[in-house]
Amino acid sequence: MLRSSLRLPQPFRRAASTAGPGRRLLLSTPIFYANGPPHIGHLYSALLADALHRHRGLRGAGPSRLSTGTDEHGLKIQQAAAAAGTSPPELCARISALFHQAFTQAAISFTDFIRTSEPRHCQAVCHFWAALQDRGALYKGTYEGWYCTAEEGFLPESQLTERVDAQGCAHKVSVESGHEVHWTKEENYMFKLSAFQDPLQKWLRDNPRAISPEPFYQRVLCWLGEDLPDLSISRERSRLQWGIPVPRDPTQTIYVWVDALVNYLSVLGYPESHGEWWPAAHHVVGKDILRFHAVYWPALLMAAGLSPPERIFVHSHWTVRGQKMSKSLGNVIDPFACNERYTVDGFRYFLLRQGVPERDCDYYDEKVVKIVNSELADALGGLLNRSTAPGINPSNTYPCFSETCFPKVVDYRGTEALGRAAAEDYEFVVSVASLPLQVAGYFDHFQIYKALECIALCVRQTNGFFQRHKPWKLDRKDPAEKLWLDTILHVTLECLRVYGTLLQPVIPHTADKLLSRLAVEPEERGISGLTFLPRYNGKPCPFEGRQLGPDTGVLFHRLEKSSQHQIERKRL
Ligand code: ME8
């Protein structure tokens, strides 16, 4: 029965307070089920959101928050607690603390860690439910269908397949997760999702950047072209006690996905203070929960009188030696062990450098060791070491640049060398100068791996520049040679300063060490005011002549190769 006629949304205009520079922004990760400890897939989502958050902070783009947390209600948790011989609150407290610890250890800069069992969240969910009800978006009906506990949802026939077990019995399972489904019939509250097909399509057509990368945007548009049945959004309390009761109807429990999605509002103080932030929200989610975030969540928001989130960033999955990570296969990779084995920054770098949101990526130990050793220890660390070594830079200062050695030329192609710099040096300087803008563009497009690829390429080019001119062969006592030697070192340190600044969102500890060695003060580490080689353009360089930082230690220690390093989690 429809309670009253449903109020459909007006076209969504962005609120004035959320437009332009200096605006607020909420970045979020999914909230993770508290039925098992964190693995590297969870860490990857958090790292993507963290890098976006840190990059935005360094750009001075306006206040931002990063929320994460744990999803603690539902049948899945109820059953996991029973299987572990404990109560849901005890299990949730233990697992939630592990997520908090894993993210803190990995330097995730979250500003809010929400648990759905907290009172502030339960109040927000009840208010949200009342808003749906008051606006006529809910009705009570009998629902029957195939329910998948692992996915916490009813699945249509199109998402089911059959699997025959060892005894020859056929079972219906979910195509997506492979988990068994059970025929379930019960009286539920239904959400009038079908009424939102047109508004959702319009929202996406008007906001082509709402879902990135593009293939996921297309996938959602495709879903919206199909039948969009109403959604059951409560469960009988007799079947599910571990959850928030439906306001004014204690025989029903609110569906865990409605409960969970509202976390993005609870962290903003909904229903009191969310208005200063919402809808300036960017959600980072895995592809497995795209439908919930790109179809159900925007529809629920519209139905409650709110705008859909501004952007949804979707990423694919990590596999392990080509296999899906799963507890039953025993190949779940433990983030604590990885941080220990590869260091926090080493593992952050690997996941963000190798993770490509559009496609599944494979993890294996040798790959991490190879990439981290070649790009962080050898290329970046080696360059810092070579350009600051006492033998080459005995005064331990930021050396001076000479315009005579590296004169400014309008078009370096085909010009006779005027100073000591060659045409390829000019080309390389141009590519480093364009790096901050390029990196910012890649972050905006959720292509952090491409930003890192560009930085790694520039680091290689800087090593090439250094190698080409062999500064260690120049005689410091000869005034002309000294000018050129100092210029080579100045250009190299300027490059390192740019790389250190741009790498802060990805490898915060290593970048800090690098910038401190280069005597870059904390207030000089922003990305928006980042200059490169101002002396080349006739402007003063504040670093020239500065004493370098005292820590002359190795920037990044090489990782040892290990044939049998055991970081796959033992069954818990
Ligand atoms: O779905 N590779 O929680 P969840 C990369 N509570 N990322 C992975 C991954 C993998 N192999 N496996 C998981 C839930 N993830 C709900 C979310 S949000 C309102 C509620 C990441 O514990 C990825 O972000 O099953 C995926 O979407 C999420 O963990 C699912 O975590």
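In listed order, ligands and their atoms are each counted from 1.
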With Thr253, which residues qualify under side chain to side chain contact (heavy atoms under 4.5 Å, CB included), at least two apart?
Arg237, Leu240
Is His293 near ligand 1, meaning one of its heavy atoms is under 4.0 Å from it?
yes
Has ligand 1 got any nitrogen or oxygen that is less than 3.5 angstrom from a nitrogen or oxygen of Gly41?
yes
Once you measure the plane-to-plane angle for His283 and Trp297, does it fall in the parallel (<30°), tilted (30-60°) or perpendicular (>60°) bin?
tilted
Does Trp318 reach ligand 1 with a nitrogen or oxygen that is under 3.5 Å from one of the ligand's nitrogen or oxygen atoms?
yes
Could you tell me the residue and atom name of the protein heavy atom closest to atom 31 (O) of ligand 1, and the distance to it rounded to 0.1 Å?
Phe32 CD2, 3.5 Å
Take every heavy atom of His39, measure it against each atom of ligand 1, and state whether any distance is under 4.0 Å.
yes
Locate the shortest heavy-atom distance separating His121 from Asn263; write the atom from each residue and the value.
CE1-N, 3.5 Å
Would Arg321 and Tyr363 count as a cation-pi pair here, with the cationic atom under 6.0 angstrom from the ring centre and within 45° of the axis?
no
Return a yes/no value for Tyr264: is any of its N or O atoms, backbone included, closer than 3.5 angstrom to an N or O of ligand 1?
no
Go through Glu151 and Arg291 one step at a time and tell me if the salt bridge (Lys or Arg N to Asp or Glu O under 4.0 Å) criterion holds.
CA-CA 12 Å; Glu151 291 176 38; Arg291 186 185 293 270; over 6 Å; no
Among all protein heavy atoms, pick the one closest to atom 30 (C) of ligand 1 and tell me residue, atom and distance.
Asp288 OD2, 3.7 Å
Can Ser316 be said to touch ligand 1, with heavy atoms closer than 4.0 Å?
yes
What are the atoms of ligand 1, with element, lying closer than 4.0 Å to any heavy atom of Pro30?
18 (S), 24 (O)
Quick check on Phe292 - does any of its heavy atoms sit under 4.0 Å from an atom of ligand 1?
no
Is there a polar contact, in the sense of an N or O pair closer than 3.5 Å, between Asn263 and ligand 1?
no
Would you mind checking which non-hydrogen protein atom is closest to atom 24 (O) of ligand 1, with the distance to 0.1 Å?
Ser45 OG, 2.6 Å
Nearest protein heavy atom with distance in Å, relative to atom 17 (C) of ligand 1
Ile31 O, 3.1 Å
Would one find an N or O of Tyr33, backbone or side chain, under 3.5 Å from an N or O of ligand 1?
yes
Listed partners of Ala299 passing side chain to side chain contact (heavy atoms under 4.5 Å, CB included), at least two apart:
Phe191, Leu193, Phe196, Leu200
May I ask you to list the atoms of ligand 1 that are less than 4.0 angstrom from any heavy atom of Asp71?
6 (N), 16 (C), 20 (C)
Between Ser234 (side chain only) and Tyr189 (backbone N and O only), is there a donor and an acceptor less than 3.5 Å apart?
yes
Using 30° and 60° as the class limits, which term best fits the ring planes of His42 and His39: parallel, tilted or perpendicular?
parallel
If the test is salt bridge (charged side-chain N to carboxylate O under 4.0 Å, His left out), which one of Arg209, Lys450, Arg59 qualifies with Asp444?
Arg59
Can you tell which part of Met325 has a heavy atom less than 4.0 Å from ligand 1: side chain, backbone, both or neither?
side chain
So, Lys561 and Glu366, do they make that salt bridge, N to O below 4.0 Å?
no
the protein heavy atom lying closest to atom 1 (O) of ligand 1 turns out to be Ile289 CG2, 3.4 Å
